[in-house]
There are 2 protein chains.
Amino acid sequence: MSKHYASARWEGNLIKGKGSYTLNTSGHNGSLNFSSRFEDDKSSSSPEELIGAAHASCFSMALSHALDQAGFAPFSAETEAEVTLEKKANGFSITSILLKNKTKAEGISNDKFHEIALGAKENCPVSKALKGIDIKLEAVLIT
Amino acid sequence: MSKHYASARWEGNLIKGKGSYTLNTSGHNGSLNFSSRFEDDKSSSSPEELIGAAHASCFSMALSHALDQAGFAPFSAETEAEVTLEKKANGFSITSILLKNKTKAEGISNDKFHEIALGAKENCPVSKALKGIDIKLEAVLIT
């Protein structure tokens with residue numbers, strides 16, 4: 001079992017207020033604001049960007065591990081996460097995450113790679129936690 | 001609707017490999033390694049730390065908004081997230097998140113504050129996404 005810590009602070013109301021988060025291991029402190037989260041401004045981070053980083057990281061690690069376990073030592077697994085936040089009847093919801101992956105590995109067929117990639121998408125800890133979200137995967141094998 | 005982007009890269013196998021993630025808005029680049037995620041080393045970040053930052057941020061924003069909507073203008077909402085990763089029968093899983101919140105607001109009773117805080121815990125977009133996790137809340141009102 002391992003435990004992981006982070007914190008955040010918001011001042012004022014949602015629209016005019018401001019906030020920040022801190023990652024405990026590095027001390028990295030990022031800013032948060034309304035328009036970067038709900039509108040088109042991208043000057044600050046957002047919970048959704050952090051979820052994207054968590055999912056891209058988790059999937060890259062899980063896929064590398066699954067390939068290694070299956071005997072196909074991976075060189076690298078790169079993943080971009082696109083997280084969509086939408087206004088629904090019950091308020092704002094994270095409706096989908098698209099994982100776009102490029103993996104370099106040798107000695108594996110395309111079919112076997114996609115089978116293993118699908119398994120990593122289903123079974124990585126962040127995917128299992130994000131039960132409320134539609135998760136899509138586009139994975140490309142580079143040999 | 002808004003979209004949010006982040007990426008990650010892992011090189012090598014899970015135990016001996018190394019990785020990093022990037023947040024697109026700030027360009028912040030953090031490192032990832034096996035032992036910081038699954039063991040006690042805390043030199044690097046982890047998907048779980050990023051999930052904690054996302055949840056602490058989302059809850060702080062949601063609680064501030066809910067208090068404001070109910071007529072109790074909040075001064076600040078600070079939240080720490082403790083994320084637990086455990087080995088289960090089906091592999092590693094994020095089993096629980098504990099949100100520890102301290103909120104400064106005026107003119108609100110303790111009971112009303114806790115009612116609003118519980119609603120924010122249930123309804124913030126990150127809580128709704130994390131359907132696979134047991135989410136706990138300890139909230140304290142500072143007047």
Side-chain angles (χ1 to χ4, degrees), chain A residues 1-11 13-14 17 19 21 23 25-26 28 30 32 36 38-39 42 44-54 56-58 60-61 64-65 68 73 76-86 91-94 123 125-126 128-133, chain B residues 1-11 13-14 17 19 21 23 25-26 28 30 32 36 38-39 42 44-54 56-58 60-61 64-65 68 73 76-86 91-94 123 125-126 128-133:
Chain A
M1 189 175 83
S2 62
K3 290 189 181 267
H4 305 268
Y5 299 89
S7 59
R9 177 183 170 88
W10 188 263
E11 290 182 8
N13 70 16
L14 184 63
Y21 65 85
L23 302 176
T25 58
S26 63
H28 166 65
L32 303 164
S36 290
F38 297 103
E39 298 173 341
K42 288 289 174 274
S44 289
S45 191
S46 61
E48 288 67 34
E49 185 182 51
L50 293 161
I51 288 281
S57 300
C58 188
S60 295
M61 293 174 87
S64 298
H65 186 55
D68 186 49
S76 64
E78 276 189 48
T79 310
E80 182 192 66
E82 177 187 284
V83 181
T84 300
L85 182 70
E86 285 183 272
F92 279 92
S93 294
I94 301 169
N123 296 313
V126 170
K128 288 191 289 188
L130 292 171
K131 282 268 186 270
I133 295 182
Chain B
M1 189 175 83
S2 62
K3 290 188 180 270
H4 305 268
Y5 298 89
S7 58
R9 177 183 171 89
W10 189 262
E11 289 182 9
N13 71 16
L14 184 62
Y21 65 85
L23 302 176
T25 57
S26 64
H28 166 66
L32 304 164
S36 290
F38 296 102
E39 298 173 341
K42 288 289 175 274
S44 289
S45 190
S46 61
E48 288 67 32
E49 185 182 51
L50 293 161
I51 289 280
S57 300
C58 189
S60 295
M61 293 174 86
S64 297
H65 185 55
D68 186 50
S76 64
E78 274 189 49
T79 310
E80 183 191 65
E82 177 186 285
V83 181
T84 300
L85 182 70
E86 286 184 271
F92 278 92
S93 293
I94 302 169
N123 297 311
V126 170
K128 288 190 290 186
L130 292 170
K131 281 269 185 271
I133 296 183

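Just so it is clear, the values below take in all heavy atoms, side chains as well, and ignore hydrogens, waters and symmetry mates. These figures come from a predicted structure and were not determined experimentally. Throughout, protein chains are lettered first and strands after them, A, B, ... in sequence-line order, and every chain is numbered starting at 1.
- Both the backbone and the side chain of Thr84(A) come within less than 4.5 Å of a heavy atom of chain B.
- Residues Leu14(A) and Asp68(B) have side chains not in contact (no heavy-atom distance under 4.5 Å, counting atoms from C-beta outward).
- Closest non-hydrogen pair, Ala6(B) versus Ala56(A), comes out as O-CB, 4.4 Å.
- For Ser36(A) and Lys42(A), the side-chain atoms include no donor-acceptor pair closer than 3.5 Å.
- The choice from Asn13(B), Thr79(B), Val126(B) that makes the most heavy-atom pairs within less than 4.5 Å of chain A is Thr79(B).
- Both the backbone and the side chain of Ala53(A) come within less than 4.5 Å of a heavy atom of chain B.
- No other option in Gly30(B), Ala73(B), Ser93(B) has as many heavy-atom pairs under 4.5 Å with chain A as Ser93(B).
- Both the backbone and the side chain of Ala81(B) come within less than 4.5 Å of a heavy atom in chain A.
- Ala77(A) and Ser60(A) get closest at one heavy-atom pair: O-OG, 3.5 Å.
- If you measure heavy-atom distances from Leu85(A) to chain B, the contacts under 4.5 Å come from both the backbone and the side chain.
- Ser57(B) and Leu50(A) get closest at one heavy-atom pair: OG-CD1, 4.2 Å.
- The residue among Glu11(B), Met1(B), His28(B) with the most heavy atom pairs within less than 4.5 Å of chain A is His28(B).
- Annotation: maximal heavy-atom pairing with chain A below 4.5 Å, among Gly17(B), Gly132(B), Gly52(B), Gly91(B), occurs at Gly132(B).
- Only the side chain of Ser46(B) comes within contact range of chain A, with heavy atoms under 4.5 Å apart.
- Between chain B and the residues Glu48(A), Glu82(A), Glu86(A), the largest count of heavy-atom pairs under 4.5 Å involves Glu82(A).
- For the set Gly19(B), Ser26(B), Ser45(B), the entry with the most heavy-atom pairs within less than 4.5 Å of chain A is Ser45(B).
- The heavy-atom pair separating Ile133(B) from Ala129(A) by the smallest distance is CD1-CB, 3.4 Å.
- In terms of non-hydrogen atom pairs under 4.5 Å with chain A, the most contact-rich of Glu39(B), Glu80(B), Lys128(B) is Lys128(B).
- Between the side chains of Thr25(B) and Glu49(A), at least one donor N or O sits under 3.5 Å from an acceptor N or O.
- Both the backbone and the side chain of Leu23(B) come within less than 4.5 Å of a heavy atom in chain A.
- Between Ala54(A) and Ile51(B), the shortest heavy-atom distance links the atoms CB-CG1, 3.6 Å.
- Of the listed residues (His65(A), Glu78(A), Met61(A)), just one forms a side chain to side chain contact (heavy atoms under 4.5 Å, CB included) with Trp10(B), and that residue is Met61(A).
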